[in-house]
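Remarks on the structure that follows.
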Protein chains: 2
Amino acid sequence: MNIPKSNFPRIIIIGGGFAGIALAKKLSKKEVQVVLLDKHNYHTFQPLLYQVSTGGLEPDSIAYPIRKVLKDFPNFIFRLAIVDEILTSKNIVKTNIGDLEFDYLVVATGSETNYYGNKEIEINSMAMKTIPQSLNLRSLILENFEQALLTDQYHERDALMNFVIVGAGPTGVELAGALAEIKKGILPKDYPDLDTRRVQINLIQSGDRILKEMSDKASEKAEQFLEELGVQIWKNMRVTNYDGKTVTTNTDDIFETAALIWTAGVKGVGLKGLDAKDLLGSGNRIMVNQFNQVKGFPNIFAIGDVACMQLEDAPFGHPMMAQPAIQQGKNLGDNLVRLLENKPLTPFVYKDKGSMATIGRNKAVVDMKNIRFQGVFAWFVWMYVHLFFLIGFRNRAVVFVNWVYNYVRFDREARLIIRPFNRNYDAFKD
Amino acid sequence: MNIPKSNFPRIIIIGGGFAGIALAKKLSKKEVQVVLLDKHNYHTFQPLLYQVSTGGLEPDSIAYPIRKVLKDFPNFIFRLAIVDEILTSKNIVKTNIGDLEFDYLVVATGSETNYYGNKEIEINSMAMKTIPQSLNLRSLILENFEQALLTDQYHERDALMNFVIVGAGPTGVELAGALAEIKKGILPKDYPDLDTRRVQINLIQSGDRILKEMSDKASEKAEQFLEELGVQIWKNMRVTNYDGKTVTTNTDDIFETAALIWTAGVKGVGLKGLDAKDLLGSGNRIMVNQFNQVKGFPNIFAIGDVACMQLEDAPFGHPMMAQPAIQQGKNLGDNLVRLLENKPLTPFVYKDKGSMATIGRNKAVVDMKNIRFQGVFAWFVWMYVHLFFLIGFRNRAVVFVNWVYNYVRFDREARLIIRPFNRNYDAFKD
């Protein structure tokens, strides 16, 4: 890679997600050369992917050009690249566009869908971790309804109108709620020649409550909201297989569906060269110390979803969510500056700002440190927080316009099959 | 196709473009059963495709769900289908999802890019007639700049930053202007490590003026605007070939480029069964009489770009643009009702509302019947008219927000490679 050496030490950041961008901002105008590598040229606001899948938002509104984030940082270089391997002994990153030496390396590769080794589910189910995946799911949902119009077989038609969502974390819950609202508000108008009362939305959860990371009250209320919307919740159930037609479970329940959406888990996106067994914690995450340093490599760091910082109050690392990623990025940014100034590093301390999930129109649940609330006000808080964390004024304005429109009109106009569904779509592995 | 017969005559409309939608609206709540077929589930506002390609707008803002247009029309049925053939003797449309009988058939298939038989240009160049094509072009443009960063070869880098647009109609002119503004306003910030002064935008025109359908004054002014923006205009030049690297011309000029955009012509999208030689006029368009009736088939009509109504004042048919399509759709709608009531048909009379093109910020040209103007006011008129003709309040609001933002911030934030460029992308032939 033809990137000229500067007089300053070079920091390579792999990944422009929440963690990588937060770190980058801290390093602007410092005496370092920063090279940011990502396989996409945009940052994705993952918490709103489910709205892209369900036609509520356009993909471009929740993506932001990475080059634009960096444009006022004179010491920054971005390259669209796929990292193949880290040669830790030589301080070199190997990529599809060549090799690059680093003085410091920060791995912020994030997470990907975890199928827990089940290849058949991986091949046949839909994930929702990237924009291309979300658009692919949008196309599949819409195409299934078009397909349902074409068959005389009840059985087949029902399977095409049956959604099975596995995993009742925030993503699964929010997607289930959105689909339920589509069933109610849009399908009867769009498909007058289908009996859309037969549309089913099933949400399957292995544990005994949904939103298990949140408070009991939030779980309970979310469950009530979903049931009001007509979502069928299956607790204490594990999906054992899906062949593209039939979902089997450990409780011998069976679901016939043309759309299984897998939101049951994530794992760290590993990197060759940093994948030694003793480096990895649960969920394929790279073990780091309190300064986000990778064990045994004083100049290599990991932050965000891919980093597992085992602490007494977080024995499996921090939650794989935006907040820990942002906070770790900021802390590491300050620490890297301190490191270069030979000052002592500050250990990372996670400030839990709470968590929230929206179920649908006027329905959300919010857990904050000292206060928990549910319902309309929670829904407004959810929207405000998501608008606030979106990068860029234009994105905020466009998302706001869409939300106001969708709210007032009970509508979701981005129900467009821009590119037909493709089971094998895998550019850059999405 | 399992569409039940109603008591009313069945009208099949093929194509949900300007013509098909205008016709559909006229037939709502009439005593007919209307079946609209399209290969996409959305209507495309083609005049703004160049803004999707250049990152100024999101694709979803210029597309509109066809089902939503029809949702208040109880006598309407939509099917996502690709038409294979018309069996005129049996009054049957054959599609990929089955056959369907009609009482009346309206062909509104629109137009596609015309390469005038040059297969090599067709394979290697980029078209911009559909949303997938426009997104593909957006990806190519952005990927070429990323690629330009990776090479040490001047020659190769220049080719990656060289745009050749063939055809200086409104599409070519508007695209050239948009690229010139990107060169000026965005590239130097996004690619500080590239010498973006070397970016070239070439616009090639076979005739001796650009925007040849418009007034001399408009051509002259548009040319001046483009030159101010740094676009190189080549008149009286024909492209003879493009192998993916080198453009050859009839004047022996040569251009090395990684992006040839072909906007040099369109032709009607024909249909098997209606492709007999004596049915077709110039540009593969179906010859129709003044009632848009196809010669020899009293119950088959063609409207919009695909229809060629030869008249004294329009010896090659009407311009292949939105206005004639919309007006023909409306007129035919009224005529079909008259036909069913055994009333005499009204011949189509084209009301030329003028034409316009925008070159860039504050720069547009407008020709109306009694008045022609150019510059800032023309630019506002252009924007107003385009917002007005966009379908749907949400689309208008989102496009408006984007335009205001782009204007105030000299920006285009949708410069996202959502799906990587794919030379062979051809789902449904786009």
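These numbers come from a predicted model, not from an experiment.
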Can you tell me if Phe400(A) has over 12 outside heavy atoms packed within less than 6.0 Å of its CZ? no
For chain B, which of Ala397(A), Pro4(A), Gly55(A), Ala63(A) has the most heavy-atom pairs under 4.5 Å? Ala63(A)
I'd like to know which of Leu135(B), Val401(B), Leu150(B) tops the heavy-atom pair count under 4.5 Å against chain A. Leu150(B)
Chain B contacts, top residue of Gly98(A), Pro59(A), Ser61(A) (heavy-atom pairs, under 4.5 Å): Ser61(A)
Considering heavy atoms only, which positions within residues 46-54 of chain A lie below 4.5 Å of chain B? none
Just wondering, more than 12 heavy atoms not from Phe393(B) lying within 6.0 Å of its CZ? no
Between Asn41(A) and Leu416(B) (side chain of the first, backbone of the second, donor and acceptor by atom type, cut-off under 3.5 Å), is there such a pair? no
More than 12 foreign heavy atoms under 6.0 Å from NZ of Lys71(B): is that the case here? yes
Taking atom CG of Leu142(B) and atom CG of Leu80(A), what is their separation to the nearest 0.5 Å? 9.5 Å
Pair Val404(A), Arg394(B) - check side chain to side chain contact (heavy atoms under 4.5 Å, CB included), show working. CA-CA 10 Å; Val404(A) 170; Arg394(B) 188 198 71 100; over 6 Å; no
Could you give the distance from CG (Asn395(A)) to OH (Tyr405(B)), rounded to the nearest 0.5 Å? 8.5 Å
With respect to chain B, which residue among Thr44(A), Ile97(A), Asp72(A) yields the maximal number of heavy-atom pairs within a distance under 4.5 Å? Ile97(A)
Would you find a donor on one side and an acceptor on the other, under 3.5 Å apart, between the side chain of Asp60(A) and the backbone of Glu58(B)? no
Is there a side-chain contact between Ile418(A) and His40(B) (heavy atoms, below 4.5 Å)? no
Neighbour count above 12 (heavy atom, 6.0 Å) for Arg409(B) CZ: no
Please determine, among Gln147(A), Glu143(A), Glu146(A), Lys189(A), the option with the most heavy-atom pairs under 4.5 Å with chain B. Glu146(A)
With a 4.5 Å limit on heavy-atom distance, are the side chains of Arg415(A) and Tyr42(B) in contact? no
Can you check whether Asn136(B) reaches Arg419(A) side chain to side chain, under 4.5 Å on heavy atoms? yes
Greater than 12 external heavy atoms within 6.0 Å of Arg423(B)'s CZ: yes
Close side-chain approach of Leu70(B) and Asp190(A), heavy atoms under 4.5 Å: no
Should Val398(B) and Glu413(A) count as side-chain neighbours, where that means a heavy-atom distance under 4.5 Å? no
Lys68(A) bridged to Asp411(B) by N-O distance under 4.0 Å: yes
Is there a side-chain contact between Phe78(B) and Leu149(A) (heavy atoms, below 4.5 Å)? no
